[in-house]
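Each chain gets a letter, A, B and so on, in the order its sequence line appears, and its residues count up from 1.
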Amino acid sequence: MYFSKLFGKTLKEIPTEADSISHQLLVRAGMIQQVAAGVYAYMPLGWRTLRKIEQIIREEMDAAGGQELMMPSLQPLEIWEQSGRLSSFGKTMFTITDRKDHKLVLGPTHEEIITDLVRRYVQSYRDLPLLPYQMQNKFRDEPRPRGGLLRVREFIMKDLYSFDVDEKGLEMNYQRTVQAYKNIYSRCGLPAVMVEADSGAIGGKASHEFMLVTESGEDMIILCPKCGYAANTEKARSIKKKPASTKPLPLEEIATPGIKTIEEVARFVGIDKNNTLKAVFYVADGDIIFVTIRGDIEVNETKLKNILKCTDLHLAADAEVKAAGLVAGSASPIGLKNIKIIADESITTGGNFVAGANKPDTHLKNVNYPRDFTATIVADIATASAGDQCPGCDGILQSQNGIEVGHVFKLGTFLSERLGAYFLDSNGVSQPIIMGCYGIGVGRLLAAAVEQNHDEKGIIWPLPIAPYQVYLCGLRLEDATVSQTAETVYKGLIAKGIDVLFDDRIESPGIKFNDADLLGIPLRLTISPRALQNKSVEAKWRQEKQAQMLPLDGIIDAVEKMLTDKSKR
RNA sequence: CGGGGUGUAGCGCAGUGGCUAGCGCGCAUGGUUUGGGACCAUGAGGUCGGUGGUUCGAAUCCACUCACCCCGACCA
């Protein structure tokens, strides 16, 4: 490709809209362009990289036994009603009405469609297992798109689905896919970490996410440096420090004028936060819920949501709290009636807590569970945090931000039962097909690769996903010797099947070198009068400081060797 | 959905009631330059996000509205 003919321009200045590094660099490099909030066009350079990533994914999916297919983006609304996932997607679903007043959705994913296709095809256990996959646009009306390609409303996603006759088959396909994912990330230059994840309201037995650890990530992950335990905060378990155990003392009322928050209570009474009980009010599908947890711990809403099995959960608004007759700031589980109380397990460790008294400006001392109150449900609803002890060993947990670059689920039989995907087993008994699904956001992976691989000058593409492998830079192209040599080298490299971007512009060296760095093409070849005097060409890896001089004679083979050596490493 | 912010040339910005709306980058033409974003000259490019209002007069004041960004809520 001749740079002078390229559709797309580099920008010297950072676009105001761009906040994350990947967004800034991708826009400045002319690889993507925003069309609407969370909607982007891939310009030729960006599209080349995207296609290279797709190809890597495709190769790994095929190697794992996958079969690629194509499914529609337009999907009938009914199938989503049937699967019961219309409400779980809620407003995130783009819906449209056709001219016959028929409701359709722009598919946010394709589990429903693929299950329907499989249902029509599979009759016997002999038709299984199946591993279909697809890479295509999905649509989600996210409440807030952000970070350039990191969270968008229209995006290309690879989804692989597994259909098996038994748990053993599911487990095998799960493990094979996990391995394929690891291969994909390493080929894209991403050190992704596999973590335990929440599978959401959809259910399923197990779920893992692949995370790229980085500051700009919107997810929080918990890691144990000692045993390798890793989980999304939504899912993470931990062992909290236990307060010293004491003998239960008699309940005692204390006046606490103007004292509301846990910090204030602890300071006022002169105790640690872990000797207090916190009260938090939620509304779950319209019902007010009283949640109590030790004062030093935060409620994990994902865990709470899973326990309540509700689709909507939010913190109660002041009006909702008042209407339920609760006293914010001095609320207490003691003496409450006709209200669901969910307690965290932490209340069973420690005792003689200070809690609210359900009277303004009053708290209770020496509250003990279960002597003074009972809970409807006692469960783990605690947020694990850095500094807690690992649930699996005596290590101390750490927390990091991460970008989710892949998610695998063991779905089980939820969807196959809902949508009627059954098969006859070898005994002639009808069984629901056991499903798994495995997703990778391709555009997000591209953005993550930039977040991970850049410097102050620009992107540093890993060789396998660079839009071009070689940046051929001609200096003083009005010099016929230079331009003829550059042209010959360009043609020679192309003949070898090497992707070359030939900077044939009449520009100053500074502009060309800066653009080369910004675009992040792995290998830069410079052809200039100065180098040609010694019958040589300068070669420089983007990621290295030092350039080297190669003899012009045999330059094509030398470059080819450099590239193949590089890709072996 | 709540809070905050921004909309003026392709990009980044200045312009708080007064004449023909500016600057830098980029772009076009000519010339001088040429190994890390060169210089000179000339030039093209604007519904000042939109609608309505106030005023002799509005990019500027008021109301409504739209778009985009950030924080939160939310989010496979």
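A straight line from CD of Glu538(A) to P of G36(B) spans 11 Å, rounded to a whole angstrom. Computed from coordinates, the His314(A) NE2 to C74(B) P distance equals 10 Å when rounded to whole Å. Taking atom CE of Met220(A) as the reference point, atom P of C75(B) lies 17 Å away to the nearest angstrom. Spacing between atom CD of Gln533(A) and atom P of G35(B) amounts to 13 Å, rounded to whole angstrom units. Atom CG of Leu149(A) is separated from atom C1' of C69(B) by 16 Å (rounded to the nearest Å). Atom CZ of Arg505(A) is separated from atom C1' of U34(B) by 14 Å (rounded to the nearest Å). In this entry the distance linking CZ of Arg28(A) with P of G37(B) reads 15 Å, nearest Å. Separating the CG atom of Leu313(A) from the C1' atom of C75(B) is a distance of 14 Å, rounded to the nearest angstrom.
With P as the reference atom, U6(B) and U47(B) are 23 Å apart, rounded to whole Å. Atom C1' of C70(B) sits at a distance of 28 Å from the matching atom of G26(B), rounded to the whole Å.
In terms of the side chain to side chain donor-acceptor pair (under 3.5 Å) criterion, residue partners of Glu451(A) (sequence neighbours excluded) are, by chain and number, Ser22(A), Ser216(A). Every residue two or more places apart in sequence or in another chain that forms a side chain to side chain donor-acceptor pair (under 3.5 Å) with Asp164(A) is listed here: Asn173(A). For the ring pair (Phe, Tyr, Trp, His ring centres under 6.0 Å) test, residues two or more places apart in sequence or in another chain that qualify with His208(A) are Tyr174(A). Listed by chain and residue number, nothing satisfies the side chain to side chain donor-acceptor pair (under 3.5 Å) test with His454(A) (two or more places apart in sequence, or in another chain). A search for side chain to side chain donor-acceptor pair (under 3.5 Å) contacts involving Lys457(A) returns Asn514(A), not counting sequence neighbours. Applying the ring pair (Phe, Tyr, Trp, His ring centres under 6.0 Å) criterion to Phe210(A), with sequence neighbours excluded, gives Tyr181(A), Tyr185(A).
Across every strand in view, G17(B) sits unpaired, with no contact that passes the Watson-Crick or G-U test at under 3.5 angstrom. Using N1 to N3 plus N6-O4 or O6-N4 for Watson-Crick, or N1-O2 and O6-N3 for G-U wobble, each under 3.5 Å, G37(B) pairs with nothing. Base pairing analysis places G46(B) opposite nothing; no Watson-Crick or G-U wobble pair with both distances below 3.5 Å involves it.
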Atom pairs, N/O to N/O, protein against nucleotides 40-49 of chain B, distance under 3.5 Å?
none

Under 3.5 Å between N/O atoms: give me all the protein pairs with nucleotides 65-68 of chain B, atom names plus distance.
residue: C68(B); atom: OP1; partner: Ala37(A); partner atom: N; Å: 3.0
residue: C68(B); atom: O3'; partner: Gln34(A); partner atom: NE2; Å: 3.4
residue: C68(B); atom: O2'; partner: Glu17(A); partner atom: OE1; Å: 3.2
residue: C68(B); atom: O2'; partner: Glu17(A); partner atom: OE2; Å: 2.4

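Listed pair Thr526(A) / G35(B) fails the phosphate criterion, with no side-chain N or O lying under 4.0 Å from OP1 or OP2. Applying the 4.0 Å criterion to OP1 and OP2 of C71(B), one finds that Arg144(A) has a side-chain N or O inside that range. Contact check, Lys305(A) against C75(B): a side-chain N or O comes under 4.0 Å of OP1 or OP2.
Within the nucleic acid shown, Arg524(A) comes within 4.0 Å of at least one base atom, counting heavy atoms only. Using a 4.0 Å heavy-atom distance criterion, Ile527(A) is classed as making no nucleic acid contact. Residue contacts for Leu475(A): at a heavy-atom cut-off of 4.0 Å it reaches a base atom on one of the strands shown. Using a 4.0 Å heavy-atom criterion, one finds that Glu478(A) contacts the bases of the nucleic acid, with or without backbone contacts as well. At a threshold of 4.0 angstrom between heavy atoms, the contacts of Leu315(A) with the nucleic acid are absent. Contact annotation for Tyr438(A): no contact, since no heavy-atom pair falls under 4.0 Å across all strands. Heavy atoms of Gly147(A) sit under 4.0 angstrom from primed sugar atoms or phosphate atoms, though from no base atom.
A donor-acceptor contact under 3.5 Å is formed by the side chain of Arg151(A) with the base of C75(B).
Within the structure, ring pair (Phe, Tyr, Trp, His ring centres under 6.0 Å) pairs that include any residue of residues 15-45 of chain A comprise His23(A)-Tyr40(A) (at least two apart or interchain). Listed by first and then second residue, the salt bridge (Lys or Arg N to Asp or Glu O under 4.0 Å) pairs involving residues 15-36 of chain A amount to none (not counting sequence neighbours). For residues 469-478 of chain A, the set of pairs meeting the salt bridge (Lys or Arg N to Asp or Glu O under 4.0 Å) definition, not counting sequence neighbours, comprises Arg476(A)-Glu478(A).
Using a 4.0 Å cut-off between a side-chain N of Lys or Arg and a carboxylate O of Asp or Glu, Asp504(A) and Lys5(A) do not qualify as a salt bridge.
Between Lys278(A) and Val291(A) the shortest side-chain heavy-atom distance does not fall below 4.5 Å.
Atom CZ of Arg151(A) sits about 4.0 Å away from atom CD of Glu218(A), to the nearest 0.5 Å.
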Scoring nucleotides 22-27 of chain B by protein non-hydrogen atoms under 4.0 Å (B base, S sugar-phosphate only, - none) yields --BS--
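Each of Met157(A) and Lys540(A) has a nearest nucleotide on RNA chain B; the 5'-most of these lies closest to Lys540(A).
The aromatic rings of Tyr490(A) and Phe502(A) sit tilted relative to each other, their planes meeting at an angle between 30° and 60°.
Aromatic rings from Tyr161(A) and Tyr438(A) are positioned such that their centres are separated by 6.0 Å or more.
Of the candidates C74(B), C75(B), G12(B), the closest approach to any side-chain atom of Thr16(A) belongs to G12(B).
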